[in-house]
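Okay, structure first, notes after.
Chain letters run A, B, ... following the sequence lines, proteins first and then strands; every chain starts at 1. Below, all heavy atoms of this structure are taken into account, side chains as well, without hydrogens, waters or symmetry copies.
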Amino acid sequence: MLAIRRSKLEKLKELGHEPFGGRYDTTHSPGGLQEAFAEGLSVRVAGRVSARRDMGKTLFFDVSDIGGRMQCFLNAKNVPEEVFALFRDLIDLGDWLGVEGETFITKTGEPSIKVTALTVLSKALRPMPDKWHGVSDREIKYRQRYLDLMSNARSREVFLMRSRVLSEIRRYLGNLDYLEVETPMLQGVAGGAAARPFETFHNALGQPFYLRIAPELYLKRLLVGGFTKVFELNRNFRNEGISRRHNPEFTMLEAYQAYGDFEVMADMVEDLICHLAETFCGTLKIEHKDEEGLVVRTIDLSRPWRRTPYRELLQQVDPQWWEHTPEKRRERCAELGVEISPGMEDYEVTQQVFEKKIEEKTFDPCFVTHVPTELVPLAKQNRADGRVVDVYELIINGVEISPGYSELNDPNVQRSRLMHQAGEETQNIDEEFLLALEHGMPPAGGIGIGIDRLVMLLTGSESIRDVVLFPQLKNRE
RNA sequence: GGGCAGGUAGCUCAGUCGGUAGAGCAGUUGGCUUUUAACCAAUUGGUCCUGGGUUCGAAUCCCAGCCUGCCCA
C-alpha cells in the first residue's frame, strides 16, 4: 500500500504538482464555512480528504480539520479534464487539499463547494483508520493521537472543549483582575504538596533540581511582592502511580487572592465551575454515559453547593467516630471494610475512612471544610479549634477537584508546621519561602483546581487519558 | 507491586474440538453525472505480539517475556 501511494506521489511530481505543498490562503475553514454558509460564494478552503463518494463522471468528497467538514462536488463537465483526473487518480483518503470553487446546495440539501481548482497540500503515504469505527485500540489512540483525532468525532469534541475551557478560565480570572504568572518548574526544593518529585540535574550549575509538584510556594512569594490577585495555570509533575485518574504530569490551576479566605475562594470556584458547565455543557445537570450511550450517572451542579465539616461527614459513617480511642477506630476500619496499614498515624486512619466511605461516594459537589491540621501544613488553623484548619476540599464525581485554603502567613507557625511534616528530612524545607514570609505575606485565600479532572467531569470521560492529548505510556521496545 | 482481560490484514473484528488464515471497511481493477458508512462486480493484502515447549501438525494447549486496558495496593 505504501508503494502504491509512493508511485502516486511520483506521478504528482511528474505532472508538476508539489506533493507537500506550501502556503495556501483560505477564505474559510471547513467548519467556518459550514457556519457562515450562503450560496454563490467564491471560496478557498483547505483540509484533509476525509471521505469520497465516486460516481463516475461526478464525485463528492469531504475536506475536514479539527473544527469541522465541508462537502466538495467535482463534476467532469465543470472542470478541465486534468483537474478531474488529478483527483480521481492521484488523491486518496487522508491527503490534504486546497479547494477553490463556488458554494451551492445539492439536491439532498447538503451545503457544498462546486470545485473549480485543486491544490495538493500534502500527500498521505499511509492510510486513514476505519472510516466508520475510527481507531478504538487504546494504545493507538494514545500513542498516535493524530489518528484518533482524525477519525473520532468524540475525541475532537473533548479536546476542543478542553482548549476552550482553559481559555475561558483565563478570561474569567482576567475579568476579576487576576494576573497570570509563570513560576519555576525546576525547583531546588519540591514544595507545596506531599508527593514524590522527578529528579534532574543542571550540568552548568552542578546542582540537582526537582520538577515541581506544585507552584504554591512561589505564588506566595508573589503575594509578598505585592501581586494581590495572581494565578498560574500549567503543569505539575508527580513521580507516582499511573491510573485512570493519575498522569505523572497534570495541569493545575492555582489562584491566590490577598485579603480573602477559603470561603471567598469557595464562592469563586463554585461560580467558575457553574459558569463553565453552563457555557460548555449548556446545563448544570451533567450526564455521564457509557459506551452504548446509556446515562450511568448524573451530576447535579445546582447551587448552592453543600458545605460540610470533615468532622460531621465522619459522624455520618459512625456517629461515635470522634469519641472512639485510636485502637477502636482501627477496629471500626476492619468492620467497615476499609484497609489500613499498621504504620499509619491516627489521623491517617481517619483519612482512609474519609476517602473510601465519603469521597468515593460523593458525586454532587460538596465542600468538605475544616479538615484536620495534620493533613494541610500550609493553611491557617481555625481560631476556635486549633485541631482543624480553615480550608475546603471540593469533591465532585468521587474525586477531589479543588482544595481551597485560608493561607497560613505567620512565618513562625509555618516553620514549625513544615518542620513537623518534614520530620528528619529537614533538607525538604524551602528556607527561601520561609524567608519571604518573614517579609510579610498578606492574609489570602488560595485555591487549586485539577484541570484534567475538571475536564473529565465536563466531558463525561472515565479516564484522564481521554482528556490528556499525549498521556504517559511505557516506551515500546 | 498483585489479580483479571486483551494483542490475528492499514483499521474494526470473527476464528468451532489442535488439521490449508476469514469478514467488513480501506486499497487495486472495471462500471456508474447529486452522493453522504454511496452503490454493483472482481481482486490484492498476514512476523496470528515475541521467544521457547508439547505434538505428525499450534492463531488455538503449556511456560517465560513485552505492550495495553480494568481492578486492587
[atom1] atoms of [N] and [M], separation to the nearest Å:
N: B/rG18; M: B/rU43; atom1: P; value: 33 Å
N: B/rG51; M: B/rG69; atom1: P; value: 24 Å
N: B/rA59; M: B/rA14; atom1: C1'; value: 12 Å
N: B/rA23; M: B/rG15; atom1: P; value: 15 Å
N: B/rU44; M: B/rG2; atom1: C1'; value: 47 Å
N: B/rG10; M: B/rA26; atom1: C1'; value: 7 Å
N: B/rA37; M: B/rU16; atom1: P; value: 34 Å
N: B/rA41; M: B/rC48; atom1: P; value: 32 Å

_Against A/Tyr142, only a single residue in A/Arg145, A/Arg138, A/Glu139, A/Gln144 fulfils side-chain hydrogen bond (donor to acceptor under 3.5 Å, both in side chains); can you say which?_
A/Arg138

Taking atom types as modelled, is there a side-chain donor on [X] or [Y] under 3.5 Å from an acceptor on the other?
X: A/Thr350; Y: A/Tyr310; value: no
X: A/Asp148; Y: A/Ser155; value: yes
X: A/Gln352; Y: A/Glu348; value: no
X: A/Asp300; Y: A/Ser302; value: yes

Return a table of donor-acceptor pairs under 3.5 angstrom between the side chains of residues 335-344 of chain A and protein atoms on other chains or two or more places apart.
residue	atom	partner	partner atom	Å
A/Glu335	OE1	A/Arg332	NH1	2.4

Length of the [atom1]-[atom2] vector between [X] and [N], whole Å:
X: A/Asp62; N: B/rA26; atom1: CG; atom2: P; answer: 14 Å
X: A/Tyr142; N: B/rC67; atom1: OH; atom2: P; answer: 17 Å
X: A/Arg196; N: B/rG1; atom1: CZ; atom2: P; answer: 12 Å
X: A/Met55; N: B/rA37; atom1: CE; atom2: P; answer: 12 Å
X: A/Leu90; N: B/rU28; atom1: CG; atom2: P; answer: 10 Å
X: A/Asn78; N: B/rU33; atom1: CG; atom2: P; answer: 14 Å
X: A/Ile242; N: B/rG1; atom1: CD1; atom2: C1'; answer: 14 Å
X: A/Arg244; N: B/rU68; atom1: CZ; atom2: P; answer: 18 Å

Short N/O separations, protein against nucleotides 2-8 of chain B, under 3.5 angstrom:
none

*Within residues 331-362 of chain A: residues closer than 4.0 Å to RNA chain B (heavy atoms)*: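 Of all residues in residues 331-362 of chain A, the ones placing a heavy atom under 4.0 Å from RNA chain B are A/Glu339, A/Lys356.
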
For the side chain of [X], counting heavy atoms from C-beta on, which of [options] is nearest?
X: A/Asn75; options: B/rU33, B/rC67, B/rA38; value: B/rU33
X: A/Lys77; options: B/rU33, B/rA26, B/rC67; value: B/rU33
X: A/Asp130; options: B/rU68, B/rU35, B/rC11; value: B/rC11
X: A/Arg465; options: B/rU12, B/rC70, B/rC32; value: B/rC70
X: A/His133; options: B/rA37, B/rA38, B/rU12; value: B/rU12
X: A/Leu93; options: B/rG27, B/rU35, B/rU68; value: B/rG27

*Go through the steps for A/Cys72 and A/Leu74 under the test side chain to side chain contact (heavy atoms under 4.5 Å, CB included), then give the verdict.*
CA-CA 7 Å; A/Cys72 301; A/Leu74 190 58; over 6 Å; no

_Distance-only donor-acceptor test (3.5 Å): side chain A/Gln71, base B/rU35_ = yes

_Suppose we call a contact any N or O donor and acceptor under 3.5 Å apart; does that hold for the side chain of A/Thr58 and the base of B/rU34?_
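Absent.
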
Watson-Crick or G-U wobble mate for [N], both contacts under 3.5 Å:
N: B/rC17; answer: none
N: B/rG10; answer: B/rC25
N: B/rC61; answer: B/rG53
N: B/rA5; answer: B/rU68

Report which part of the nucleic acid [X] touches: base, sugar-phosphate, or nothing (heavy-atom distance under 4.0 Å, all strands).
X: A/Ser136; answer: sugar-phosphate
X: A/Leu2; answer: nothing
X: A/Leu59; answer: nothing
X: A/Gly134; answer: sugar-phosphate
X: A/Lys8; answer: sugar-phosphate

Presence of [X] side-chain N/O under 4.0 Å of [N] phosphate oxygens OP1/OP2:
X: A/Arg53; N: B/rU35; value: no
X: A/Lys131; N: B/rA37; value: no
X: A/Arg143; N: B/rU68; value: yes

*A/Phe363 and A/His288 aromatic centres sub-6.0 Å*: no

*How about A/Phe209 and A/Phe201: are their ring centroids closer than 6.0 Å?*
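They do not qualify: ring centres at least 6.0 Å apart.
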
_Does the structure place the NZ or CZ of A/Arg238 under 6.0 Å from the centre of the six-membered ring of A/Phe250, at an angle of no more than 45° from the ring's axis?_
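Output no; distance or angle outside limits.
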
*A/Phe367 ring centre to A/Arg307 NZ or CZ under 6.0 Å, with the angle to the axis within 45°?*
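Yes.
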
*Going through the distances and angles, do A/Asn152 and A/His133 end up as a side chain to side chain donor-acceptor pair (under 3.5 Å)?*
CA-CA 8 Å; A/Asn152 294 102; A/His133 302 93; over 6 Å; no

*Would you please test A/Ile169 and A/Ile451 for side chain to side chain contact (heavy atoms under 4.5 Å, CB included) and show each step?*
CA-CA 10 Å; A/Ile169 289 171; A/Ile451 298 298; 3.8 Å; yes

*Relative to the 5' end of RNA chain B, which residue comes earlier, A/Glu462 or A/Lys57, by the nucleotide with the nearest heavy atom?*
A/Lys57

